[in-house]
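What follows is a set of notes on a single structure, which appears directly below.
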Amino acid sequence: MSAIGCGVGDSAAAALARPAFTVSGTKTAVDLLTVSAADLGFQGETVSLRQIYARAQQLGFAFAPAEIAPQLRLQYLDQPIGEFLIIGMEPIRTWTGEAIILTVANGGAGLILIGQDGRADAEIPVTSRFVFVRSLPVAPAALLQH
């Protein structure tokens with residue numbers, strides 16, 4: 001990432017270095033969507049990560065594999081200043097046991113991949129935007145045959 005001018009924050013680097021962070025050996029296309037906690041129906045200032053994840057799953061959204069974060073950072077080079085996209089993912093534990101989720105961001109000082117609190121009870125502003133994988137409907141095999 002440094003070769004193209006993208007930074008990696010300390011907690012993101014710690015998460016990426018863990019054995020729990022894996023990269024698939026198979027190229028796969030995924031349908032990503034972004035949604036804010038407010039879009040999911042939450043009101044007020046903040047909501048817990050647990051509640052955001054539960055509502056997203058009720059709506060048929062799936063967790064993104066952790067490898068989506070660095071891949072999105074590498075591909076989303078025209079990200080607007082001020083945009084922070086939290087990856088809806090299973091948290092990765094750092095060597096110290098801290099639960100981390102990853103965020104693709106442009107805070108104005110350049111493109112960066114950062115980590116943030118991934119505890120289930122972490123309070124997230126309702127304006128925060130998440131990236132989830134949209135589950136695509138699968139057609140029954142009988143419908144695919146001519």
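Scope of the values below: all heavy atoms of this structure, side chains included, with no hydrogens, waters or symmetry mates.
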Sidechain-backbone polar pair: Arg129 side chain, Thr34 backbone, donor-acceptor under 3.5 Å: yes
Pro70 versus Leu16, closest heavy-atom pair with distance: CG-CD2, 4.3 Å
Contact check, side chains of Ser11 and Gln116, non-hydrogen atoms, under 4.5 Å: no
Nearest-0.5 Å distance that lies between atom CG in Asp10 and atom OG1 in Thr94: 11.5 Å
Over all atoms of both residues, closest heavy-atom pair of Val126 and Gly44: CG2-O, 3.0 Å
Leu33 side, atom CG; Phe132 side, atom CZ - distance, nearest 0.5 Å: 8.0 Å
Main-chain N/O of Thr96 paired with Arg93 side-chain donor or acceptor, under 3.5 Å: no
Val131 reachable from Ile86 in the ILVMFWY side-chain graph, under 4.5 Å edges: yes
Side chains of Glu98 and Ile100 in contact at under 4.5 Å (non-hydrogen atoms): yes
Ile101 CD1 to Ile92 CD1 distance, which is reported to the nearest 0.5 Å: 10.5 Å
Contact check, side chains of Ile52 and Ile124, non-hydrogen atoms, under 4.5 Å: yes
For Cys6 against Leu77, the heavy-atom pair lying closest together: SG-CD2, 4.2 Å
same_hphob_cluster(Leu85, Ile112) at 4.5 Å side-chain heavy-atom cutoff: no
Stepwise side chain to side chain donor-acceptor pair (under 3.5 Å) check, Glu90 with Tyr53: CA-CA 10 Å; Glu90 287 286 344; Tyr53 281 2; over 6 Å; no
Heavy-atom pair of closest approach, residues Pro91 and Ala99: CB-CB, 3.9 Å
Test item: Asn106 side-chain N/O and Glu83 main-chain N/O as donor-acceptor pair under 3.5 Å: no
In one Ile/Leu/Val/Met/Phe/Trp/Tyr side-chain cluster, 4.5 Å: Tyr76, Ile68: yes
same_hphob_cluster(Phe84, Leu102) at 4.5 Å side-chain heavy-atom cutoff: no
Non-hydrogen atoms of Met89 and Ala66 that approach each other most closely: CE-CB, 3.6 Å
Under 3.5 Å: donor-acceptor pair, side chain of Gln79, backbone of Val104: yes
Arg134 side chain reached by Leu32 side chain, heavy atoms, under 4.5 Å: no
Shortest non-hydrogen contact from Leu113 toward Ala69: CD1-CB, 3.8 Å
Between Phe130 and Phe61, ring centroids under 6.0 Å: no
Rounded distance (nearest 0.5 Å) linking atom CG of Asp39 with atom OG of Ser128: 11.5 Å
Quiz item: cation-pi between Arg55 and Phe42, 6.0 Å / 45°: yes
Test item: Arg73 side-chain N/O and Ala105 main-chain N/O as donor-acceptor pair under 3.5 Å: yes
Non-hydrogen side-chain atoms of Ile87 and Leu72 separated by less than 4.5 Å: yes
CG (Asp121) with more than 12 external heavy atoms under 6.0 Å: yes
